[in-house]
Amino acid sequence: MDQQSVLLLGATGQTGNSILNGLLEYGKYAVSALVRPSSAESPKVKSVAERNVKIVVADINGSIEELIGVVRGYDIVISAIDAVSMGQQINLATAAKEAGVKRFVPCAFITVCPPGDVMFMRDEKEVVYQHIRKLFLPYTIIDVGAWHQVAFPTLPSGRVDYASFFRPNTAIHAGGDAPMILTDLRDIGHFVARIIDDKRTLNQYVYTCSDVLSENEIFSMIEEMSSEKIERTYVSAKEIKASINRVKTATEADPSNTSISLSLVPLQYNLNKSVRGDNEPGYAKYLGYLEARELYPDFKPRRFREFLDELLQGKAAPVYADHALIEQLQRGMKEMGVVF
Ligand SMILES: NC(=O)c1ccc[n+]([C@@H]2O[C@H](COP(=O)([O-])OP(=O)(O)OC[C@H]3O[C@@H](n4cnc5c(N)ncnc54)[C@H](OP(=O)(O)O)[C@@H]3O)[C@@H](O)[C@H]2O)c1
């Protein structure tokens, strides 16, 4: 059987690396990695190349004619570009249309969230989605809820600090009862491999899911498993909205300060997940999403409890080690007095 050819942007990133692993393990794809010129010689790119992946070096912000040549011949193009570079996918989508790509998967991979001033990240993705639709380019949009790897609280003993994005991380947001869709970062790629091999998902939104849990349920689960008691802090919906307004005002006053604008990210995630409660199956269905668990009942994603078990054993892999954007985000949160 012929393999489908896939061009993957982001193979060295968190989401993209999961996708790379999932595609290679699935065994039905010939995978190439689209890499920017400045990273072509990086150790991460070298380790991707060692996995029998063709490295395609290209500037997605360069000439559109060259980009058409780069994507020509690929059946599927997937983008897992970083959270603040969404606009850079516009020419890639145009080139994919011109080159006759059969399916374009833009960088979604976030929580279920409507466009329209809930999360600026979602709105920046929407611009790309609308461009795709105007092109009449076949697409699939894949969201994943919150990663297991960013959805756990820290413990008083400090034993899970090694893998935590924020330390301490003990806040319950807006009461903590909103149900949340969760997916283990490592399973995103396994889901993607199945989703792009499926005619039912063409021109559709799909979300992946391992569990649907509220913050209160997550806190209780890790307390029960660790025999530790977390001293919770409580952040109300009113406080979250006030912090968002404060950061927006500061961003308008100094638009070039990326650290400050990035500090909106965790706040707007909390607005989305906890205040509005968007990231749950009923609302996803209302928005027209297909659910990957229903499409692929044979695939058993890692459950959140399994992840916590690894975490408590000291075996979870920390995410975003030495990532420039995360350092900026943490600096911005400090500067703005944003409590996670
Ligand atoms: N659902 C969740 O809980 C959750 C959590 C975190 C992130 N996300 C979302 O996941 C998505 C992907 O983010 P991420 O954090 O996984 O990304 P990331 O780790 O920052 O990786 C970004 C990737 O894009 C590549 N890249 C950036 N600009 C490029 C360019 N011009 N040409 C070619 N490659 C380029 C980078 O390559 P090099 O740097 O090696 O050149 C890297 O491989 C975002 O939408 C983000 O919001 C979701």
Side-chain angles (χ1 to χ4, degrees), residues 7-21 32-49 53 55-62 66-67 70-71 77-92 95 105-113 119-129 141-152 165-166 180-189 191-192 207-211 262 264-266 268-270 272-273 278-279 304 307 317-329:
L7 182 63
L8 170 64
L9 183 156
T12 58
Q14 297 288 323
T15 307
N17 192 253
S18 171
I19 296 173
L20 178 68
N21 294 338
S32 300
L34 194 168
V35 165
R36 50 182 155 185
S38 58
S39 300
E41 300 303 322
S42 76
K44 281 186 180 175
V45 169
K46 290 210 164 97
S47 63
V48 171
V53 172
I55 304 297
V56 177
V57 180
D59 178 6
I60 58 171
N61 300 304
E66 276 177 36
L67 207 48
V70 165
V71 297
V77 173
I78 303 176
S79 167
I81 204 161
D82 58 81
V84 295
S85 301
M86 293 304 139
Q88 292 188 36
Q89 300 170 98
I90 294 288
N91 283 354
L92 190 61
V105 180
C107 184
F109 308 114
I110 54 167
T111 46
V112 171
C113 177
M119 291 207 282
F120 80 85
M121 278 197 320
R122 175 65 182 82
D123 291 346
E124 288 176 0
K125 291 175 193 289
E126 184 65 19
V127 174
V128 180
Y129 303 167
I141 289 164
I142 304 170
D143 281 314
V144 300
W147 300 348
H148 292 175
Q149 284 76 2
V150 296
F152 64 89
F165 210 53
F166 300 112
M180 292 186 294
I181 296 165
L182 298 161
T183 301
D184 194 289
L185 173 59
R186 295 165 292 178
D187 282 334
I188 293 176
F191 276 120
V192 169
Y207 75 92
T208 71
C209 182
S210 71
D211 300 80
L262 276 174
L264 265 184
V265 173
Q268 289 188 329
Y269 261 123
N270 289 333
N272 162 239
K273 290 184 298 187
D278 298 324
N279 185 39
F304 190 67
F307 167 76
V319 290
Y320 293 119
D322 302 326
H323 198 295
L325 276 183
I326 303 306
E327 282 164 31
Q328 274 183 303
L329 182 153

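Whatever order the structure lists them in is the order used to number ligands and atoms, beginning at 1. All values reported here derive from a predicted model rather than from experimental measurement. Positions are given from 1, in the same order as the sequence printed here.
- Listed by chain and number, Leu9, Gly10, Thr12, Gly13, Gln14, Thr15, Arg36, Ser39, Ile60, Ala80, Ile81, Asp82, Ala83, Met86, Gln88, Cys107, Ala108, Phe109, Ile110, Met121, Lys125, Val144, Gly145, Ala146, Trp147, Val150, Tyr269, Tyr320, His323 each place a non-hydrogen atom less than 4.0 angstrom from ligand 1.
- The environment of NZ in Lys46 is crowded: more than 12 heavy-atom neighbours from other residues, nucleotides or ligands sit within 6.0 Å.
- Between Trp147 and the options Phe152, Phe165, Phe109, Tyr320, a ring-ring contact (aromatic ring centres under 6.0 Å, His included) holds for only Tyr320.
- Classified by interplanar angle (parallel below 30°, tilted 30° to 60°, perpendicular above 60°), the ring pair Phe304/His148 is perpendicular.
- Within the model, atoms CD1 of Ile142 and SG of Cys107 stand 10.5 Å from one another, a figure rounded to the nearest 0.5 Å.
- For Asn61, the side-chain hydrogen bond (donor to acceptor under 3.5 Å, both in side chains) test picks out Gln88, with sequence neighbours left out.
- A distance of 11.0 Å separates CD1 of Ile110 from OG1 of Thr15, quoted to the nearest 0.5 Å.
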